[in-house]
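Have a look at this one before I ask anything.
Worth knowing before you read on, the calculation uses all heavy atoms, side chains too, and leaves out hydrogens, waters and symmetry mates. Residue numbers run from 1 in the order of the sequence given. Note that the coordinates shown come from a computational prediction; the quantities given were computed from them, not determined experimentally.
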Amino acid sequence: MASYLRFLALAALAALPLTAAAAAPDPADTGGSLKGDFGPPQGEPIRAVLTSPPNVPPATNRSRPAKVIVDLEVREVEKEISEGVRYTFWTFGGTVPGSFIRVRQGDTVEFHLKNHPDSKMPHNIDLHGVTGPGGGAASSFTAPGHESQFTFKALNQGVYVYHCATAPVGMHVANGMYGLILVEPPEGLKPVDHEYYVMQGDFYTVGKYREKGLQPFDMQRAIDERPTYVLFNGSEGSLIGDKALRAKVGETVRLFVGNGGPNLVSSFHVIGEIFDKVWFEGGTRFQENVQTTLIPAGGAAMAEFHLEVPGSYVLVDHSLFRAFNKGALGILKIDGPENKAIYSGKEVDSVYLADKAAPDSKAVETATVAAAKGQLTKAEQQKAGEKLFTGTCSVCHQATGQGLEGVFPPLAKSDFLMADLKRAIGIVLNGLTGPVTVNGKTYNSVMPPMSQLNDDEVANILTYVRNAWGNEDATVSAAEVAEIRKTTKRPAGAAH
Ligand SMILES: [Cu+2]
């Protein structure tokens, strides 16, 4: 049967006019690895400029193939993954993602991989832009304190992921061992005003999201594909506040966006912008007018867009619990004059930025450190509480706790809140439904449990709320919260 079908297909092909069989080459066909500037390297060898995220090396600006030397060092470093949370990352060049590498199609790349003497593990590198077994992995296994070297010719243009491929491979990648290499087309890329490097990854810690202290890697969570964090550039704060990406109205931005995985596929989106062009999957074709682009684990994309309206644009993985509950959120801050013809609205950072819009970005960490030393002051609790309140409670109870007539009861001067601390703790942990009377007015609505908050956070929020806007009381301790957590029943569906 199958061979009969094949016979029919061949017969159909044979029936086509000759001109169709010898079709002219598609002018848009770049030829893959078959066509390029593949002559011998010319001139003196060039040392590749490597950059840390979110920076991208300058264009090669070359019209002929060269020998390019890349020196990349693996380092195992302990760094912040979230405010007050530390993690031991394994890195290419000291950062997550690793150093950005930029070469030109046809270049001969002499790759030197060093593994720092302080490393505990052997590592290697698999570059998706390499043609050859393992993408270099087989030639680059490097013990701590050693160096290995291999050479490849960059045959295919595009944006490629590189990663460690030492067993257990998933673990090396989960610890941050990935980055991007750009192989420019022979004619280079069109100049733009800003190029930025953003790479997503999923992380697996023993402690829950934002549980403070040094957090070890959790192999079972990784196998189960249940990340604690999903992040851009290796930490929750990497693209927030004074580390936000910057540009101006009238400029064009080019983003190189990678996804290291190891597990999740990214639905990459910039809130409030539309990608004018996306070179999806890091390839040669572009799609236009794109809202969200899918970036597979071990894949990349290049996106360009022109900026018309100033404000804070939020980079997210549009699998939204990853953005708002696991950290996959960054900011592109655009300065410049308003353009009311295009957008008339006001800018309200807190809608999407939550606690990241609050002024004192280190308040929560400061309180955590002080609490660990047993030196937590009321002022520190209030500051941390204010930040958490802004991100968690203010959307309903409003910025100054005044509530919203008939919908959200006030916390400012609330007789109900101040009458019973244990009840207030219980409301934050377990939510509240049914009629309540606050300052003589009855509300009958639903407050969901704030079960994503840990004991310290609830204590700090309530210390803030019970001492703000005309309220006055003593501090609330994490131990008091722990007691209520232990002795009251969490509703079904609350996280912990
Ligand atoms: Cu490794």
Side-chain angles (χ1 to χ4, degrees), residues 208 210 212 350 354-355 357-360 363-364 366-368 370-371 374-496:
K208 294 191 175 74
R210 289 187 175 176
K212 306 291 184 269
S350 59
D355 55 344
D360 189 348
V364 175
T366 307
T368 307
Q375 296 167 350
L376 183 61
T377 66
K378 183 172 181 178
E380 284 164 343
Q381 278 197 280
Q382 285 172 285
K383 273 196 133 175
E386 180 179 9
K387 183 180 175 196
L388 293 160
F389 175 88
T390 307
T392 313
C393 324
S394 73
V395 59
C396 297
H397 293 286
Q398 305 300 297
T400 53
Q402 79 273 26
L404 210 61
E405 189 73 45
V407 188
F408 302 119
L411 300 178
K413 303 200 180 79
S414 158
D415 56 357
F416 189 88
L417 162 69
M418 299 308 286
D420 187 341
L421 173 62
K422 286 186 174 160
R423 180 177 65 190
I425 296 172
I427 290 171
V428 175
L429 290 177
N430 308 325
L432 185 66
T433 54
V436 278
T437 304
V438 182
N439 298 343
K441 289 195 180 130
T442 300
Y443 297 80
N444 192 354
S445 186
V446 177
M447 170 169 154
M450 301 287 128
S451 43
Q452 75 278 19
L453 301 170
N454 63 32
D455 294 343
D456 290 288
E457 292 170 329
V458 175
N460 293 342
I461 291 176
L462 284 176
T463 299
Y464 170 65
V465 165
R466 288 168 66 91
N467 289 281
W469 323 301
N471 298 343
E472 226 183 301
D473 193 42
T475 57
V476 182
S477 73
E480 287 172 291
V481 179
E483 182 61 26
I484 302 294
R485 195 189 288 278
K486 216 167 63 196
T487 53
T488 58
K489 194 169 164 314
R490 220 99 17 261
H496 58 98

**Prompt:** Rounded to the nearest 0.5 Å, what separation is found between the NZ atom of Lys486 and the CD atom of Glu483?
**Reply:** 5.0 Å
**Prompt:** In Å and rounded to the nearest 0.5 Å, what is the CG to CD1 distance from Leu429 to Ile484?
**Reply:**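 Interatomic distance, Leu429 CG to Ile484 CD1, rounded to 0.5 Å: 8.0 Å.
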**With Lys413 via side-chain hydrogen bond (donor to acceptor under 3.5 Å, both in side chains) - residues at least two apart** = none
**Request:** Could you tell me which non-hydrogen atom of Ala363 sits nearest to which non-hydrogen atom of Ala384, and how far apart they are?
**Result:** O-CB, 3.6 Å
**Item:** side-chain contact (heavy atoms from CB on, under 4.5 Å) assessment of Thr392 paired with Met450
**Value:** CA-CA 8 Å; Thr392 313; Met450 301 287 128; 3.6 Å; yes
**Request:** Identify the two heavy atoms, one from Ser445 and one from Val407, that lie closest to each other, and give their separation to 0.1 Å.
**Result:**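 For Ser445 and Val407, the tightest heavy-atom pair comes out as CB-O, 4.1 Å.
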**Item:** Backbone N/O of Thr463 and side chain of Thr475: donor-acceptor pair under 3.5 Å
**Value:**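 Pair absent, no side-chain N/O of Thr475 close to backbone of Thr463.
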**Message:** Between the side chains of Lys212 and Asp456, is the shortest nitrogen-to-carboxylate-oxygen separation below 4.0 Å, so that they form an ion pair?
**Reply:** no
**Asked** Does Glu480 reach the main-chain N or O of Ser477 with its side chain, forming a donor-acceptor pair under 3.5 Å?
**Response** yes
**Request:** Report the C-alpha distance between Glu472 and Arg466 in whole Å, list the side-chain angles of each, state the deciding distance to 0.1 Å, and finish with yes or no for salt bridge (charged side-chain N to carboxylate O under 4.0 Å, His left out).
**Result:** CA-CA 6 Å; Glu472 226 183 301; Arg466 288 168 66 91; over 6 Å; no
**Prompt:** If you take all heavy atoms of Gln398 and Gly403, which pair is closest and at what distance?
**Reply:**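 So the minimum-distance heavy-atom pair works out to CG-O, 3.3 Å.
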**Prompt:** Which value, rounded to the nearest 0.5 Å, describes the distance between Phe389 atom CZ and Thr400 atom OG1?
**Reply:**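 Here the interatomic distance stands at 8.0 Å.
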**Asked** Who are the side-chain hydrogen bond (donor to acceptor under 3.5 Å, both in side chains) partners of Asn430, not counting sequence neighbours?
**Response**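 For Asn430, the residues satisfying side-chain hydrogen bond (donor to acceptor under 3.5 Å, both in side chains) (neighbours in sequence not counted) are Thr488, Arg490.
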Can you list, pair by pair, the side-chain donor-acceptor contacts under 3.5 Å of residues 416-428, counting residues two or more places apart and other chains?
residue, atom, partner, partner atom, Å
Asp420, OD1, Lys422, N, 3.2
Asp420, OD1, Arg423, N, 3.1
Arg423, NH2, Phe416, O, 2.8

**Prompt:** Quick check: does any side chain N or O of Asp455 sit under 3.5 Å from a backbone N or O of Ala479, one acting as donor and the other as acceptor?
**Reply:**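 Judged by distance alone, no pair lies under 3.5 Å.
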**Prompt:** Taking all non-hydrogen atoms of both residues, which atom of Ala478 and which atom of Ala459 are closest, and how far apart?
**Reply:**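 Answer, listing the atom of Ala478 first, then Ala459: N-CB, 3.6 Å.
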**Message:** Go through it in stages, so that I can follow the logic: the residues are Cys393 and Ile461, the test is side-chain contact (heavy atoms from CB on, under 4.5 Å), and I'd like the CA-CA distance, side-chain angles, deciding distance and then a yes or no.
**Reply:** CA-CA 9 Å; Cys393 324; Ile461 291 176; 4.0 Å; yes
**Complete:** Correct closest heavy-atom pair for Ser414 and Val438 would be OG-CG1, 3.5 Å
**Asked** So Trp469 and Tyr464, would you call those rings parallel, tilted or perpendicular, with 30° and 60° as cut-offs?
**Response** perpendicular
**Asked** Any sub-3.5 Å donor-acceptor pair from Thr437's side-chain atoms to Gly440's backbone N or O?
**Response** no
**Message:** What verdict does the side-chain contact (heavy atoms from CB on, under 4.5 Å) test give for Lys441 and Glu405, after you've listed the backbone C-alpha separation in whole Å, the side-chain angles of each residue and the deciding distance to 0.1 Å?
**Reply:** CA-CA 9 Å; Lys441 289 195 180 130; Glu405 189 73 45; 3.6 Å; yes
**Asked** Counting only N and O atoms by type, is there a donor-acceptor contact under 3.5 Å from the side chain of His397 to the main-chain atoms of Phe408?
**Response**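 Not at all, since once roles are kept as given, no pair shorter than 3.5 Å links the two residues.
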**Asked** For the residue pair Ala370 and Glu380, what are the closest heavy atoms and their distance?
**Response**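 Closest approach of Ala370 to Glu380, heavy atoms only: CB-OE1, 3.3 Å.
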**Asked** Do you see a donor-acceptor pair shorter than 3.5 Å between the side chains of Gln382 and Asn467?
**Response** no
**Prompt:** Quick one: are Cys396 and Leu404 in side-chain contact, heavy atoms under 4.5 Å?
**Reply:**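 No. Closest side-chain heavy atoms not under 4.5 Å.
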**Message:** Quick check against the 3.5 Å criterion: does Asn460 have a side-chain atom that pairs as donor or acceptor with the backbone of Lys383?
**Reply:**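 Not confirmed, Asn460 side chain does not pair with Lys383 backbone.
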